[in-house]
Amino acid sequence: MRKTLASRVALAVCLFSLVAVAGGQEPARSTVWLEPHRDAASRLLGEALASDFAWQRLAEVGDTFGHRLSGSRALEDAIDWAVAEMKKDGLENVRKEPVKVPHWVRGKESLEIVAPYPSALVVLGLGNSVGTSGDGVEADLLVVGSFDDLDAAGPKVKGKIVLYNVPFTTYGETVRHRGAGPSRAAALGAVAALVRSVGPPGLRTPHTGALNYDPNVPKIPAAAVTTEDADRLQRMVNRGTVRLRLKMEAQMLPDADSFNVVGEIRGRELPDEVVVVGGHFDSWDVGTGSTDDGGGCVVTWEALRLMKKLKLRPRRTVRVVLWTNEENGLRGGAAYRDRHRDQLPNHVLMLESDSGVFRPTGFGFTGSDAGRARIEGIATLLRGIQANRIGPSGGGADIGPSVEAGKVPSMSLEVDGNYFLIHHTPADTVDKIDPMDMARASGAIAVMAYVIAELPERIR
Ligand SMILES: [Zn+2]
């Protein structure tokens with residue numbers, strides 16, 4: 001096979017030189033190695049762009065099962081559906097790999113202004129929060145704009161409901177208040193915590209998301225309010241005392257059974273060397289988790305379906321994984337690492353799509369300089385759909401544990417869209433996603449995964 005490839009490359013070099021000389025240009029020597037892959041890349045892109053199959057599949061998941069929170073019947077039914085669909089697609093070694101996941105349930109919840117005048121607010125409890133008693137928690141409101149503000153308030157925090165009214169800058173910066181804010185307030189004696197939703201101003205949409213309790217501090221109930229209601233509450237406390245009542249039925253049940261879903265196109269020469277692509281199949285329990293992260297699951301899965309449809313079997317195995325329990329536990333990614341620990345040295349590259357499926361601009365890549373040069377070369381095959389930019393780093397929450405344990409090169413799909421306006425909200429539904437963007441993303445991932453799996457030398 002090597003000989004055949006060498007002769008194909010030599011032929012490509014000759015042809016390329018002829019064309020280049022005829023055109024009066026030097027051949028772009030660095031991309032000669034790409035020539036054997038151009039035909040497959042064109043076919044994959046053509047097949048992806050010719051239909052709205054990916055969008056229709058995503059719509060079917062959300063329409064049929066709704067949200068897919070860990071521990072829910074809907075997630076497990078959707079997982080069984082995905083297994084059956086992968087088999088229908090003709091993928092190989094389709095299987096479920098067991099994972100124990102946290103089982104948090106929201107129940108009913110409400111937040112109201114009691115004084116100076118009764119009024120209901122929009123509220124969404126934070127994932128993993130404890131609930132309140134039946135009557136709820138009623139207390140005066142203290143609004144802070146930062147952890148420094150909280151610490152400065154000192155003894156005034158005791159007995160209050162604390163609202164972190166921190167406008168969205170970047171997700172990493174702002175989400176700290178959701179994650180650590182409840183316990184920081186509880187440490188000073190707060191009875192409940194509210195956070196301004198972690199996202200830009202929307203249409204009064206609250207954003208849920210996980211909190212992390214400090215085990216050394218009492219657990220207090222915590223919920224998100226909309227950016228509009230956070231600003232209203234800020235104005236009201238500036239005028240005088242505001243009293244709130246928060247009711248939440250949230251509770252944590254014993255761990256539940258769930259699964260990562262795996263499907264493959266087995267490699268024709270090096271089946272034990274694996275290129276992994278995927279997203280997380282679980283979602284928050286509002287909306288249908290179409291942007292976070294049903295879309296990422298479908299476009300990575302599509303890469304394999306397209307290869308199968310075009311009868312393209314690369315040198316190495318391409319594996320899709322739909323991870324479970326990213327949102328409130330990261331147990332799926334950890335279970336994959338533990339189950340496949342011995343095989344991680346044979347993981348050539350791992351790619352995750354979990355930034356929404358908007359117009360794809362390219363990929364982030366983390367790996368060696370030589371690997372980056374190869375990835376940048378492959379990306380030139382995606383110039384036609386303007387998805388050829390390779391960013392300085394790439395990774396994902398689900399591939400993270402394996403990437404770290406196995407020192408595996410990692411990538412993420414990069415897109416141009418307002419992900420944080422939608423994610424973790426009731427507005428995360430399939431109508432926010434453009435079928436053409438799904439098609440472009442599917443094609444881009446298919447080309448990238450195929451060529452990486454097909455190259456004579458593995459990416460390092
Ligand atoms: Zn996600």
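Indexing begins at 1, ligand by ligand and atom by atom, following the structure's order.
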Which residue pairs satisfy the side chain to side chain donor-acceptor pair (under 3.5 Å) criterion with at least one member in residues 433-445, sequence neighbours excluded? Asp437-Arg440
Can you tell me if CZ on Arg389 sees more than 12 non-hydrogen neighbours from other groups inside 6.0 Å? no
So, at under 2.8 Å, which protein N, O or S atoms would a careful student list around the Zn ion (ligand 1)? His280 NE2, Asp292 OD1, Asp354 OD1, Asp354 OD2
Quick one: list whatever passes side chain to side chain donor-acceptor pair (under 3.5 Å) with Lys407, sequence neighbours left out. none
What pairs of residues pass the salt bridge (Lys or Arg N to Asp or Glu O under 4.0 Å) test when at least one of them lies in residues 190-203, not counting sequence neighbours? Arg196-Asp231
Among Thr208, Thr291, Asp292, find the residue that satisfies the side-chain hydrogen bond (donor to acceptor under 3.5 Å, both in side chains) test when tested with His424. Asp292
Crowded around Asp369 CG? As in, over 12 foreign heavy atoms under 6.0 Å? no
